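For reference, the structure discussed in these notes is given below.
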Amino acid sequence: MSKTKQFDLASLLSEPLLLNTKNYINGKWQKAVSQQTYEVINPASGASIAGVANSDAIDAANAARSAKKAFASWQLTTHRERANLLEKWHQLIIEHTDDLACIMTSEQGKPLAEAKAEVGYGASYVKWFAQLAMQLRGDILPNSVPGRLQTVEKRPVGVVAVITPWNFPFAMLARKIAPALAAGCTVVVKPAEDTPLTALAMAKLAEMAGFPDGVINVVAASREQTAIAVDAWLKDVHVKKLSFTGSTQVGRYLAERAASSLKKLSLELGGNAPFIVFEDSDIDAAITGLMAAKLRNGGQTCVCPNRIYVANAIYDEFASRLVDKVAALKVADPFDDDTQIGPMINQKAIDKISGHVKDAEAQGGIILCGNIEPREGLFFEPVVIAEAHNKMALFSEETFGPVLPLFRFSSEEEAIEEANNTEYGLAAYFYTQDHRRIHRVKAQLQAGVIGVNEGAVASEVAPFGGVKASGYGREGSHYGLDDFLQITYVCEGNLY
Ligand code: SIN
């Protein structure tokens, strides 16, 4: 029998303490009660990186109990105390950027330079919410009766369950955990099955920063056991809020299951973003914006353009200039210095991407560059497809990979109608140099995030989230803090 190949992550780290395979519950590193583990795989080579705790409902319930206990005192901490701990965590994250990026690239496969950028991006949310913790305040209302003092207090919602995806293993966690802690909530975290090591490293840095036991708890679980573990939180009346990023299908399931205990929900779900290039665009700027938006993380991003609408008048020129750029991208091992596209996350992802490209070709799409099959293992060369249309699967489904289908349009009305012709509404982008058009189009696009002559839109200062089947709730900005707070109105009567 052949022995599974091993990926030696420990030898790449300057701080070996960041490599953890046990759950972090109540300030202790613990094996799953069942003693089970599952393998975390390096997608570039298929080698095993580590066996990680494979938690079940008992571990999840232990984590929730610990978070509930910690909430009793954490909610009473001063805002300064929370801000200081978040600042300390931020500082440690920045100091350990290289190690965190190594861990992320090993288990997720994004190029190392992108992983480093993601650490900086995620850390910006920690810093931002450290600062917002100091600005949390309520209101004094106009009194409605003489002798009354009517005030509003903003209180933490309580224990929050955080469930995150594999595509941004660091940033998605940072932008959920940091506002939760700033608000005075405690958290139980279930990172994606494929990428638990980044989350466990973040927990280690939080421990080093000095967060009290039980404030942050992380449990890992395999794909098969995730539902069992998470179900323990869905049923638990002490878990007051669920913050989830992932597919619309799973989001719907979670919302249904969370309904019986009336949890507050933030759901950042699937996207099918349109990217419109009007005939009056600066074509170079549009191509730069498209490459940034579409090919970040190899196209495995909820906000990345899935449908590219190009005006007939510039279609051929745009396609040919785009192909020059896309065909030159380096697809290689994510640890190589100049790699721009690493491996996709797993075989299921490859099958979907390849399926979409084959379907598009069978329905008349013209492959301008790239291939219909993966190059080797989980590596897929970016594909530009001309003459895309609405009957192709990639029109209605999120491909989540490096596929750029070019649709034609002949009028502004048609472009807007087609852009909105989807159940999703996370992001939308458009390029034009006509100011009147900017205002007309912006007003009609149905999306939570809109990029106008800009492809890289996300930032800690901005609200991130969708409309329609892309979910609800916002992350980042001051709106992202509100999602972890509840309002209590206090009426003091007969004061004079
Ligand atoms: C996502 O699309 O999954 C997150 C992207 C971002 O934060 O920019």
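Small disclaimer: the values here were computed from a predicted structure and weren't measured. The basis for the numbers below is simple: all heavy atoms, side chains too, and nothing from hydrogens, waters or symmetry mates. One-based numbering, in listed order, for ligands and for the atoms of each.
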Measure from the side-chain N and O atoms of S470 to the backbone N and O of G270, and report whether any donor-acceptor pair falls under 3.5 Å. yes
To atom 5 (C) of ligand 1, the nearest of N297, T301, L426, N167 on a heavy-atom basis is T301
How about W166 and F400: are their ring centres within less than 6.0 Å of each other? yes
*Going by distance alone, is a donor N or O of one side chain under 3.5 Å from an acceptor N or O of the other, for S222 and E193?*
no
The answer for which part of E118 has a heavy atom under 4.0 Å from ligand 1 is neither
field: Within-cut-off N or O pair, R296 and ligand 1, under 3.5 Å
entry: yes
**Report entry** Distance-only N or O hit between ligand 1 and V303, under 3.5 Å
**Finding:** yes
Requested in this report: Answer yes when E15 and K204 have at least one side-chain N-carboxylate O distance shorter than 4.0 Å, and no when they do not.
Outcome: no
Practice prompt. Would you check whether Y121 has a nitrogen or oxygen atom less than 3.5 angstrom from a nitrogen or oxygen atom of ligand 1?
Written response: yes
Note to self: With a 4.0 Å cut-off on N to O distance, would you call E460 and K127 a salt bridge?
What the structure shows: no
Near A458 (heavy-atom distance under 4.0 Å), the atoms of ligand 1 are 8 (O)
Is R307 reaching over with its side chain to a backbone N or O of N272, donor-acceptor style, under 3.5 angstrom? yes
- prompt: Has ligand 1 got any nitrogen or oxygen that is less than 3.5 angstrom from a nitrogen or oxygen of R175?
  reply: yes
protein heavy-atom neighbour closest to atom 4 (C) of ligand 1 works out as M172 CE, 3.6 Å
When Y309, F275, F278 are each screened for ring-ring contact (aromatic ring centres under 6.0 Å, His included) with Y429, the one that passes is F275
closest protein heavy atom to atom 2 (O) of ligand 1 is C302 N, 2.8 Å
